[in-house]
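A quick write-up on the structure given underneath.
All heavy atoms count here, side chains included; hydrogens, waters and symmetry mates do not.
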Amino acid sequence: MAMGGAFAAPVTDADILNDGKNPKQILTNGMGLQGQRFSVLDKVNTKNVQNLVPAWSFSFGGEKQRGQEAQALVHDGMVFVTGSYSRLYAMDAKTGEKIWEYNARLPEGIMPCCDVINRGAAIYGDKIYFSTLDAQLLALDYKTGKKVWQKTIDDFKAGYSNSAAPLIVPTKANGALIVTGVSGGEFGVVGRVEARDVNTGDLVWSRPVLEGLVGQYKGQDTTMTGKANETWAGDMYKTGGGATWLGGTYDPDTHLVFFGTGNPAPWNSWLRPGDNKWTASRIAIDPENGELKWGFQTTPHDGWDFDGVNEVVSFDLQKDGKTIKAVGTADRNGFFYVLDRTNGKFIAAKPFVEKITWAKEIGPDGRPVYNDEGRPGDPTKSEDGKKGKEVFSVPSFLGGKNQMPMAYSPQTKMFYVPANEWGMDIHNEPVVYKKGAAYLGAGFNIKPVFDDHIGALKAFDPVTMTIKWQVNNKAPLWGGVMTTAGGLVFYGTPEGYLKALDAKTGKELWKFNVGTGIVAPPIAWEQDGEEYIGVAAGWGGAVPLWGGEVAKTFKGINQGGSYWVFKLPPKSAAN
């Protein structure tokens, strides 16, 4: 039952590549392959956004309400959104009427680190794809919701899961590929990126992110990632972490896929001397064959769980009269980085959160200048050999920014970063790897840094590397951001508000409370000449599970599972 015949053709390579420029559809996570989350729509703008009203709301139903982190897709007159517990819904884009629903059958014993969330789907041809908490990848017929194929990414009993939106990348050698990572970073799983045939799900290539491990292309071994034991001691790399759990972006200009990699395992850094490449890094991969083209490590020898998975957003940097093909990325470690996306060379890095303790600065070579007192102590040097010296560290392990995606406006030339100001008491403990068990070697408790706010939406200028404005929020920010050609920035809060700000000044222009916390990124699309704004709502994710004292402060936030859509009201005769 397709509701919008004007868009009924299957999704093509050209559609995917043009996604950020076509306001009538949203085909990629990031509202365009480069991940800028910029809408070219301007019908809703700074002059009329105060008139925005609900168009429809759809309930995900049942008792499975919490943790709605997904960005929706729009195609063929339908909105597609994944729900918690590995569900996928198709709704009429104008009315919100349900067209179909798919519920994955999850086995007992799944071990997702950070709630039962799912961050979205991918669409290509006549299929829509999403991954599940038991590390499966599914392809469904997008018109009917009927399963076409299913592939196992890895063994959930070993701690693997998957929650990121897949990425569709056109290639010359193998046609369109569906590119995914792996989740499970707290269980000693090994990070990798892999690509599959969109029609069959058959594996085309696989690239492990830890040095010493070998990639594959069409079933044959290819090159090793890095050099064995260059920055890892002994066999620790075999359970060394680096989970690629947030998914990737693709830059057609350089024909490179960008992924971030998670923390090294275990958290106790005294057990794994060296830089531990390529954990806590950004990497670039050739989608034609899975070869690693460059890597940049944001936190060498990470000892704070500073995953480097945060999205890599391509943009053109105008500096010193030159245009540089760059990427921007706001790291969990509290620093915002600008890199040359053609080769990964370091351009600049500055803090985007306050009171950072683990490093004094990022040096001219791109490496952190560590504060030695900021690293939790070696437990073998303690009196009982069981608990190392505890330190108060900023940011907390949930990061200056976590899963919630930022946005970039080509109009204002600014990034809009959903940041959090919090720290943690952290100490190290002895730990031994055991398959399927948590592999941390650390104890921690998160605490606010300021009395009046944790969350702060910040407008960051990548030319001057300064914050132009910020809007504070009492609760942590955990949902993503969208900016538009109408001069607006949209984002949600755990208090339940979807807000619109002036992109130039940060002035709040509109807000609406959806009745539950928002931990998902909004989107905008055009339907029959009208601009629609949509966002998933449902409090959950890592904050209530891992947030320590912070979680206790906001335990009263109601759960919920729904999709909300807004538009401008029809002009009345009085107008």
Ring-ring centroid check [X] [Y], cutoff 6.0 Å:
X      : Y      : result
Tyr217 : Trp205 : no
Phe130 : Phe80  : no
Trp100 : Tyr89  : no

Derivation of the ring-ring contact (aromatic ring centres under 6.0 Å, His included) call for Trp564 and Phe512: CA-CA 10 Å; Trp564 283 82; Phe512 183 92; 5.5 Å; yes
Lys499, NZ atom: more than 12 neighbouring heavy atoms under 6.0 Å: yes
Side-chain donor/acceptor of Asn263 to backbone N/O of Gly241, under 3.5 Å: no
Thr249 side-chain N/O to Val313 backbone N/O, donor-acceptor pair under 3.5 Å: no
Side-chain touch Lys277/Gln297, heavy atoms, less than 4.5 angstrom: yes
[X] vs [Y] aromatic rings, parallel, tilted or perpendicular, using cut-offs 30° and 60°?
X      : Y      : value
Phe258 : Trp294 : tilted
Trp149 : Tyr129 : tilted
Tyr408 : Phe415 : tilted

Least distance between heavy atoms, Gly242 atom then Val209 atom: O-CG2, 3.4 Å
For [X] and [Y], does a side-chain donor sit closer than 3.5 Å to a side-chain acceptor?
X      : Y      : answer
Tyr160 : Asp134 : no
Gln136 : Ser131 : no
Asn276 : Thr279 : no

Point-to-point distance, once rounded to the nearest 0.5 Å, from CE of Met482 to OH of Tyr416: 12.5 Å
CG-CG distance between Leu477 and Asn402, expressed to the nearest 0.5 angstrom: 12.0 Å
Where at least one partner belongs to residues 152-175, residue pairs that pass salt bridge (charged side-chain N to carboxylate O under 4.0 Å, His left out), sequence neighbours excluded: Asp154-Arg192, Asp155-Lys435
Criterion ring-ring contact (aromatic ring centres under 6.0 Å, His included) on Tyr337 and Phe296, from CA distance to verdict: CA-CA 10 Å; Tyr337 294 78; Phe296 180 87; 5.8 Å; yes
